Amino acid sequence: MEIIKIVRRERNLLEILMIIWEDSVRHTHDFLRESDIKALRPLVYQNLESIPELWAIKA
């Protein structure tokens, strides 16, 4: 396992992170409707681009 500081926010990386986010939300937030998740997607994507420090664990 490796901890990685993400410096470059390339589009393909952000898309992978969005898939992970959405899958996680679907498994843990059963109170959210599909319309809620769709409404949150742009906000989450925007925030992934602007978080000052972004870290990931690579298994």
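Source: prediction; values computed, not measured.
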**Report entry** Arg26/Glu34 salt bridge by N-O under 4.0 Å criterion
**Finding:**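 Yes, this pair counts.
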Query raised in the report: Arg33: what forms a side chain to side chain contact (heavy atoms under 4.5 Å, CB included) with it, not counting sequence neighbours?
Result: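 Once residues adjacent in sequence are excluded, the partners of Arg33 under the side chain to side chain contact (heavy atoms under 4.5 Å, CB included) criterion are Ser35, Asp36.
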[X] with [Y], same ILVMFWY side-chain cluster at under 4.5 Å:
X: Ile37; Y: Phe31; result: yes
X: Ile6; Y: Trp55; result: no
X: Leu43; Y: Leu32; result: yes

Result block: side-chain N/O donor-acceptor pairs under 3.5 angstrom for residues 11-19, not counting sequence neighbours:
unit_1, atom_1, unit_2, atom_2, d
Arg11, NE, Glu15, OE2, 3.0

**Report entry** Shortest non-hydrogen contact between Leu48 and Leu54, atoms and distance
**Finding:**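 Answer, listing the atom of Leu48 first, then Leu54: O-CD2, 4.2 Å.
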Query - Sequence-distant partners of Arg9, side chain to side chain donor-acceptor pair (under 3.5 Å), two or more places apart - result: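 Checked Arg9 against side chain to side chain donor-acceptor pair (under 3.5 Å); zero matches.
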Query raised in the report: When you look at CD1 of Ile3, are more than 12 heavy atoms from neighbouring residues, nucleotides or ligands closer to it than 6.0 Å?
Result: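 No.
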Report task. List the steps and the verdict of side-chain contact (heavy atoms from CB on, under 4.5 Å) for Val25 and Leu40. Result -> CA-CA 11 Å; Val25 166; Leu40 287 169; 5.9 Å; no
